[in-house]
Amino acid sequence: DGGITQSPKYLFRKEGQNVTLSCEQNLNHDAMYWYRQDPGQGLRLIYYSQIVNDFQKGDIAEGYSVSREKKESFPLTVTSAQKNPTAFYLCASSIDPRQSNQPQHFGDGTRLSIL
Amino acid sequence: AQTVTQSQPEMSVQEAETVTLSCTYDTSENNYYLFWYKQPPSRQMILVIRQEAYKQQNATENRFSVNFQKAAKSFSLKISDSQLGDTAMYFCAFMKGTNAGKSTFGDGTTLTVKP
């Protein structure tokens, strides 16, 4: 079955450490997105990518980095510059960003906590 | 910038009854799309229903329907014959017509269906 796979489901980070969250999709979607979800709040966009080898900052990109070397993969690195990284991270994809009525498909999320 | 407001952080409904979740948005755009997403306790976010702003007819998907009031910038979700499986957090989302798939989400409404 096609879908979006995020791993790991739970992740712990030590102070000063960079960690990378994986997101893979086999839906042949062009666009991919990373959101951060905090308790009682909606989703905030961190980064998004419309095509391979291209990505743009979202609303809260500071302290995060991404790459899009393959269509299927859009890993998110939470750097030590992100001072409050504890949150739930959701990856999403959509068919074609030019067809803007297309909804996003979401992964199961990764919960990141600080040790 | 667009904003999406869900004024009801929590709601509850008895099984088989009808409930309406409210959503308002603020935009100067004329071409846009609106979505309701559902995030059950298992955490995978899924699309419930979508509405194109240029369509006057309200969208309907089985037990889910919307009341789209463009002039009032209101987009409420009505769930008829509520089922226990409807228990989830519901997010309203706005997408500009030319925004490459980027969505702005509300803070969510946690709906509990009681037996």
Side-chain angles (χ1 to χ4, degrees), chain A residues 1-6 9-10 23 25 27 29-51 54-61 68 74 87-112, chain B residues 1-10 21 23-25 27 29-55 59 61 64 66 68 88-110:
Chain A
D1 290 336
I4 300 177
T5 302
Q6 288 187 243
K9 192 169 184 176
Y10 299 96
C23 179
Q25 55 99 358
L27 299 167
H29 285 177
D30 295 292
M32 297 186 75
Y33 314 83
W34 273 107
Y35 293 94
R36 171 178 171 142
Q37 185 177 20
D38 292 284
Q41 296 186 32
L43 279 65
R44 292 183 290 169
L45 183 65
I46 304 173
Y47 268 98
Y48 67 104
S49 168
Q50 299 176 47
I51 57 173
D54 185 56
F55 49 83
Q56 287 79 40
K57 293 182 178 179
D59 301 319
I60 55 165
R68 187 85 187 276
F74 191 43
F88 189 67
Y89 291 86
L90 281 168
C91 179
S93 68
S94 62
I95 292 175
D96 183 342
R98 293 167 298 180
Q99 299 179 36
S100 52
N101 63 338
Q102 297 301 313
Q104 296 179 7
H105 296 251
F106 289 84
D108 287 343
T110 293
R111 181 166 297 283
L112 175 62
Chain B
Q2 283 64 233
T3 59
V4 177
T5 302
Q6 293 180 247
S7 60
Q8 306 151 314
E10 296 181 357
L21 281 58
C23 172
T24 58
Y25 57 94
T27 185
E29 301 287 329
N30 193 49
N31 179 24
Y32 55 87
Y33 304 87
L34 296 162
F35 305 86
W36 277 99
Y37 288 92
K38 171 184 177 181
Q39 188 180 39
S42 64
R43 288 291 191 175
Q44 185 169 50
M45 187 99 71
I46 57 174
L47 176 71
V48 175
I49 199 166
R50 64 184 168 195
Q51 174 82 42
E52 292 86 348
Y54 61 84
K55 289 186 178 180
E61 289 287 343
F64 299 87
V66 299
F68 174 49
M89 181 169 277
Y90 289 81
F91 291 96
C92 178
F94 171 99
M95 183 191 299
K96 285 198 298 187
T98 57
N99 206 20
K102 287 174 58 181
S103 295
T104 300
F105 288 80
D107 286 346
T109 295
T110 299

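Quantities reported herein were computed from a predicted structural model and do not represent experimental measurements.
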Indicate yes or no for a side-chain donor-acceptor contact from [X] to the backbone of [Y] under 3.5 Å, with no hydrogens or angles considered.
{"X": "B:Q51", "Y": "B:L34", "result": "no"}
{"X": "A:W34", "Y": "A:F74", "result": "yes"}
{"X": "B:T109", "Y": "B:P9", "result": "no"}

_Given heavy-atom pairs under 4.5 angstrom as the criterion, report whether the side chain, backbone, both or neither of A:L45 touches chain B._
side chain
*Counting only heavy atoms closer than 4.5 Å, note whether A:Q56 contacts chain B via side chain, backbone, both or neither.*
neither
*Pairs of heavy atoms under 4.5 Å with chain A: top-ranked of B:Q39, B:E10, B:Q6*: B:Q39
*Counting only heavy atoms closer than 4.5 Å, note whether B:Y37 contacts chain A via side chain, backbone, both or neither.*
side chain
*Highest number of heavy-atom pairs under 4.5 Å with chain B: which of A:D108, A:L90, A:I4, A:D59?*
A:D108
*Kindly write out the residues that satisfy salt bridge (charged side-chain N to carboxylate O under 4.0 Å, His left out) with A:D38, not counting sequence neighbours, or none if the list is empty.*
A:R36, A:R44
*Step by step, would you call A:Y48 with B:S103 a side chain to side chain contact (heavy atoms under 4.5 Å, CB included)?*
CA-CA 11 Å; A:Y48 67 104; B:S103 295; over 6 Å; no
